[in-house]
Number of protein chains: 2
Amino acid sequence: MRAERKRSALEDADPAAPLRLGGLENHLGYFLRRLQVWAFRDFIATLSDMHVRPAQYSVLLVIAANPGQSQSAIGRTLNIERARLARMLHELEDRRWISRRASGRDARSHALVLTAEGEKALAKITALAQKHEARLAEYIGRKRWAELMKSLRDFG
Amino acid sequence: MRAERKRSALEDADPAAPLRLGGLENHLGYFLRRLQVWAFRDFIATLSDMHVRPAQYSVLLVIAANPGQSQSAIGRTLNIERARLARMLHELEDRRWISRRASGRDARSHALVLTAEGEKALAKITALAQKHEARLAEYIGRKRWAELMKSLRDFG
DNA sequence: TATTGTTATACTCTATAACTATA
DNA sequence: TATAGTTATAGAGTATAACAATA
């Protein structure tokens, strides 16, 4: 028998190769999760100098696009629980990137805005985030990136 | 002036409506994350009777598809850190769904297999997981489901 | 020396509940 | 009564480091 004979599946295995996924192959959630984890890791690594995490970044962008809105409106938009958002906003306030102003209409709520320092930080952050996005597009291929973006954005 | 006059963007806002996403619109990771979170929540809710989380389910499926493999091989396949996987496997062992056998080849590693009880549980779990998947497909539309699945699976 | 599995710690994020102050 | 925001706690997942046993 030749050295390159047909070997059984067990013998055949490259010890470092990934295994069969089995039924997981039929679950979209698994594949979504896998790519999302890659993307978030790359995002965090790319923005490590600024110490900004994806959730913080999303909050900064939504405040920038909707100045003066309340915490509950931000949380509703991004699906962030109000308790979690309250703590995150305190951190961003400690960093002098946002400020809470009294809302004219409702004494219970705050009007959130970026500070001048926050605007400056966001400019740097956005530049790094673009680099991350370019890396993601390269990782999965520009065509696939565009397909996924269209499919997911059209839905959302 | 009429009551239905053209109002400014600020006045116009439905107080419960989501805000503008701003720069977030250009980030695939955000949209991936949003759908993935929906999917995992639905998965957890659908399988709440079995108390199985997505990561546990993925481990059970990969063991079922690759009986006798080691923890490191499972972890490598699913991108689960070995420390995390060790604890998860102890939980699954406590539930009598998997067992660790001595590996013939390497005394350091375990050969993981489903128990008979584990096979039975996985049958129930898989049936529920199908219901979840059907719900996900309905949520985003069957066409979009197929597009995303193709795009993501081809890549992986 | 490197790898397999284990234990432990710290941090992020999610999920709740309880509380206050307003509406 | 309901809503906005706050504080606290518990659980899951991620990231590390250190360790024993084995390769």
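Here is the naming used below: chain letters follow the sequence lines, and residue numbers restart at 1 for every chain.
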Is the shortest side-chain N/O distance from A:R41 to OP1 or OP2 of D:dA15 below 4.0 Å? yes

What are the two closest heavy atoms between A:G68 and A:V113, and how far apart are they? N-CG1, 3.7 Å

May I have the distance from A:R105 (atom CZ) to D:dA4 (atom P), rounded to whole angstrom? 13 Å

Phosphate oxygens OP1/OP2 of C:dT6: is one of them under 4.0 Å from a side-chain N or O of B:Q71? yes

Rounded to whole Å, how long is the line connecting atom NE2 of A:H110 with atom C1' of D:dA4? 8 Å

Between B:R100 and C:dT6, is there a side-chain N or O to OP1/OP2 distance below 4.0 Å? yes

From CZ of A:R108 over to P of D:dA4, roughly how many Å is that when rounded to an integer? 6 Å

Which of residues 80-94 of chain A sit near DNA chain D, with a heavy atom under 4.0 Å from it? A:R82, A:A83, A:A86, A:R87, A:H90

Tell me: CG of B:D106 to P of C:dA2, nearest whole Å? 17 Å

Parallel, tilted or perpendicular: which one describes the rings of A:W38 and A:Y139, with boundaries at 30° and 60°? parallel

Spacing of B:R33 atom CZ relative to C:dT12 atom P, expressed in whole Å: 15 Å

Would you say the side chains of A:R34 and A:Y30 form a donor-acceptor pair under 3.5 Å? yes

Figure out the CG/C1' separation between B:N79 and D:dA15, and round it to whole Å. 12 Å

Please examine the side chains of B:L19 and A:L78, heavy atoms only from C-beta on, and report whether any two atoms are closer than 4.5 Å. no

For A:F31 and B:F155, I'd like to know if the aromatic rings sit close, meaning centre-to-centre distance below 6.0 Å. no

Quick one: list whatever passes side-chain contact (heavy atoms from CB on, under 4.5 Å) with B:E119, sequence neighbours left out. B:L114

Considering just the side-chain nitrogens and oxygens of B:S109, establish if one lies under 4.0 Å of OP1 or OP2 belonging to C:dT3. no

For D:dG5, take OP1 and OP2 only and decide whether either is under 4.0 Å from a side-chain N or O of A:S72. yes

Measure the distance from NE2 on B:H51 to P on D:dA12 and round it to the nearest whole Å. 11 Å

Let me confirm one number: the CZ-CG distance from B:R20 to A:L61, rounded to the nearest 0.5 Å. 13.0 Å

Atom CZ of A:F40 to atom P of D:dA15: distance rounded to whole Å? 13 Å

